[in-house]
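FYI, side chains are in, hydrogens and waters are out, and symmetry mates aren't considered; it's all heavy atoms of this structure. Chain identifiers are assigned alphabetically (A, B, ...) following the order of the sequence lines, protein sequences preceding nucleic acid strands; residue numbering begins at 1 within each chain.
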Amino acid sequence: MFQAKFDTAIWDVVSSIPYGQFMSYGQVAKAAGYPRHARMVSRAMSRSDKKLPWHRVIKSDGTLAFPADSDYYQQQKASLMSEGVVLLNGKVIPPDNDEPEDLDALIWGADSL
DNA sequence: CCCTTGACTATCT
DNA sequence: GAGATAGCCAAGG
């Protein structure tokens with residue numbers, strides 16, 4: 001069954017995401033060997049009752065995949081921050097971030113909107 | 001079997 | 001930079 005091999009690959013990739021790091025759905029899908037299956041990534045994780053670090057999986061924009069008013073959103077955000085990931089304006093800090101104002105904000109606790 | 005939906009992504013306006 | 005549109009693939013009704 002496609003799903004069996006797919007979800008296993010997804011779980012493996014998601015589980016392989018280092019602490020304090022994150023990957024986009026498309027990135028995970030590609031890494032699992034299934035490009036364009038970004039949507040299937042979500043399904044695979046949702047199906048799995050395993051302890052997957054799904055909070056490390058976000059959208060390509062750096063934002064979380066859930067609506068800001070969703071409980072899952074809060075949970076994911078909290079998990080990320082507890083791993084050292086800083087969120088700014090509801091987005092994770094991209095590697096090319098160099099804005100001093102944003103830097104100051106994240107130092108003092110970003111995402112306190 | 002056709003149509004809708006979804007934890008997505010990229011492009012255009 | 002936000003909103004709309006199209007492409008994408010699989011699952012569920």
Heavy-atom side-chain contact between A/Leu64 and A/Leu80 under 4.5 Å: yes
- prompt: Just by modelled atom types, is the A/Lys59 backbone N or O under 3.5 Å from a matching donor or acceptor in the A/Gln27 side chain?
  reply: no
task: Measure from CG on A/Leu52 to C1' on B/dA7 and round the result to the nearest Å.
output: 13 Å
query: Separation of A/Asn89 atom CG from C/dG1 atom C1', in whole Å?
result: 12 Å
- prompt: Separation of A/Arg43 atom CZ from C/dC8 atom P, in whole Å?
  reply: 18 Å
query: CG of A/Asp7 versus P of C/dC9: gap in Å, rounded?
result: 19 Å
query: Nearest of C/dC9, C/dA10, B/dC8 to any side-chain atom of A/Met40?
result: C/dA10
query: Between C/dC9, B/dG6, B/dC8, which nucleotide gets closest to the side-chain atoms of A/Ala65?
result: B/dC8
- request: Report yes if a side-chain nitrogen or oxygen of A/Ser24 is closer than 4.0 Å to either non-bridging phosphate oxygen (OP1 or OP2) of B/dC8; otherwise report no.
  value: no
- line: Here the distance between atom P of B/dA7 and atom CZ of A/Arg56, to the nearest Å, is 22 Å
message: Measuring from the side chain of A/Ser46 (C-beta onward, heavy atoms only), which nucleotide among B/dG6, C/dC9, B/dA7 has the closest atom?
response: B/dA7
query: Within this structure, what is the CD1-to-P distance between A/Ile10 and C/dC9, rounded to whole angstrom?
result: 15 Å
- prompt: Between the base of C/dC9 and the side chain of A/Arg39, is there a donor-acceptor distance below 3.5 Å?
  reply: no
message: Within the 4.5 Å heavy-atom criterion, are A/Phe66 and A/Gln74 side-chain neighbours or not?
response: no
- prompt: What integer distance in Å separates A/Phe6:CZ from B/dA7:C1'?
  reply: 12 Å
statement: Winner on side-chain proximity to A/Arg36, out of B/dA7, B/dA10, C/dC9, is C/dC9
message: Is A/His37 close enough to C/dA10 that one of its side-chain N or O atoms is under 4.0 Å from OP1 or OP2 there?
response: yes
query: Do A/Ile17 and A/Val57 touch side chain to side chain, with heavy atoms closer than 4.5 Å?
result: yes
task: Could you list the residues that satisfy side chain to side chain donor-acceptor pair (under 3.5 Å) with A/Glu83, not counting sequence neighbours?
output: A/His55, A/Arg56
message: Measure OH/A/Tyr72 against C1'/B/dA7 and give the value in whole Å, please.
response: 10 Å
